[in-house]
Amino acid sequence: MNGSWLERGAALNGELVVTDDLEGAFAQEVISAFAQRPGEEFDIALSGGETARACYERLAVDGAQEIDWLAVNFFWGDECCVPPDHPDSNELLGRRALLERVGAANAVYPMRCDEGLDAYQLRLGELGQLDVVHLGLGADGHTAGLFPGSKALDADPGQLVTFSEDPNDRAKHPRLTLTYAGIARARLAIFTVAGESKRPAMEALVAGADLPAGRVRAGRVLWLVTPEAAPRGACRT
Ligand code: 6PG
C-alpha cells in the first residue's frame with residue numbers, strides 16, 4: 001500500500017489510497033478483512049469490469065495461502081441481464097478470474113435477472129452483513145448498477161436489490177444491482193479505480209458532486225485509486 005491522502009474539505013465518502021499497485025492493494029485488503037472476519041464464514045460481493053478482473057486474478061494468487069476459500073461465500077454487487085455464459089456476465093468474469101483459479105468456495109450466489117429480486121433479497125436479508133462489497137467506478141460516476149438519473153438510486157430503504165437501467169444508455173444491458181441499502185450492509189466497501197478516464201469523476205467526487213458512487217455508505221468505505229485516476233493534488237507517500 002502506497003499511502004493515503006487527505007485534503008481539507010475533501011468530500012469523498014471514504015478513505016482515499018493512491019497506489020501504483022492497485023491489484024496488490026485490493027488483494028491485501030481482502031486478505032486482512034478475511035483475517036478479521038467476525039464469523040466462521042466470509043461473505044464477499046464481486047463486481048464487474050476490467051479493473052475488477054485484474055484485481056480478482058491477483059487475489060487468486062496472493063490469497064492462495066492466506067484465505068481459506070472453503071469458508072468464502074460469493075455474492076455479486078450487480079449483474080447484467082444476460083445469460084451466465086455471456087461475455088458481459090459479471091458471474092462469468094468472477095468465475096474465470098477468481099473462482100476457477102482458487103477452486104473452492106463455501107457457496108456461490110450468482111445474481112440472475114430471470115430469477116427475479118426475491119431470492120437475493122431474502123438471502124441478503126438473512127445474512128445481515130456482508131464482509132466486503134467490491135465496487136468499480138464508471139467515468140459517469142456510476143457504481144454497481146446505480147447509474148446517474150436511474151430509478152435505482154431512489155429504491156426504498158428496505159429494498160436491498162433492484163432492477164436498473166442506465167437512462168443515458170451508456171451501459172449496454174439492464175441489470176440487477178444492490179441498492180444503497182444493500183451496499184450499506186457491508187462492513188467494508190472497496191472501490192477500485194484505474195485509468196485517466198476516471199479522473200474527472202474522482203475530482204468531482206472529492207469536490208462534493210452528487211454522483212451515484214458518492215452516495216455509497218458502508219461500515220468503512222475505502223477508495224483504492226491509481227495515480228492516473230487520482231484527483232490532482234492527491235499524492236502517493
Ligand atoms: C460492471 C461494474 C461496473 C464497473 C465500472 C468500472 O458490471 O460493469 O459493476 O460498475 O465496475 O463500470 O468498470 P471498469 O473498471 O472496467 O472501468
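As the structure lists them, so they are numbered: ligands from 1, and atoms in each ligand from 1.
Counting only heavy atoms of the protein, atom 6 (C) of ligand 1 lies nearest to Leu137 O, 3.4 Å. What sits closest to atom 13 (O) of ligand 1 on the protein, heavy atoms only, is Gly49 CA, 3.9 Å. With hydrogens left out, the protein atom closest to atom 1 (C) of ligand 1 is Arg175 NH1, 3.2 Å, a heavy atom. Atom 5 (C) of ligand 1 has His142 NE2, 3.7 Å as its closest protein atom, hydrogens excluded (heavy atom only). For atom 16 (O) of ligand 1, the closest heavy atom belonging to the protein is Glu50 N, 2.8 Å. Ranking the protein heavy atoms by distance from atom 15 (O) of ligand 1 puts Thr51 OG1, 2.5 Å first.
The existence of a salt bridge linking Arg53 and Glu57 is excluded, since no basic side-chain nitrogen approaches an acidic carboxylate oxygen closer than 4.0 Å. Salt-bridge formation is not detected for the pair Glu126/Arg123: no Lys NZ or Arg NE/NH1/NH2 atom is positioned less than 4.0 Å from an Asp or Glu carboxylate oxygen. Salt-bridge annotation for Asp78 and Arg175: present, with a side-chain N of the basic residue lying under 4.0 Å from a carboxylate O of the acidic one.
Atom numbering of ligand 1 starts at 1 in the shown order; those under 4.0 Å from a heavy atom of Asn90 are 1 (C), 7 (O). Each of the following atoms of ligand 1 lies closer than 4.0 Å to a heavy atom of Gly136: 11 (O).
Looking only at distances, no side-chain donor or acceptor of Arg220 sits under 3.5 Å from a matching main-chain atom of Ile190.
Heavy-atom proximity to atom 9 (O) of ligand 1, evaluated over Asp78, Leu135, Thr143, is greatest for Asp78. The residue among Gly48, Ala213, Ser197 with a heavy atom at the shortest distance from atom 11 (O) of ligand 1 is Gly48.
In this structure, a donor-acceptor pair under 3.5 Å is present between the side chains of Glu228 and Thr226. Between the side chains of His173 and Asp88, at least one donor-acceptor pair of N or O atoms lies under 3.5 Å.
When each of Leu135, Leu178, Val193 is tested with Thr143 by the rule side chain to side chain contact (heavy atoms under 4.5 Å, CB included), just one qualifies, namely Leu135.
Checked against side-chain contact (heavy atoms from CB on, under 4.5 Å), Val102 has the following partners two or more places apart in sequence or in another chain: Ala60, Trp69, Leu98.
For the pair Ala52 and ligand 1, no heavy-atom separation below 4.0 Å is found. By the 4.0 Å heavy-atom criterion, Lys198 is counted among the residues contacting ligand 1.
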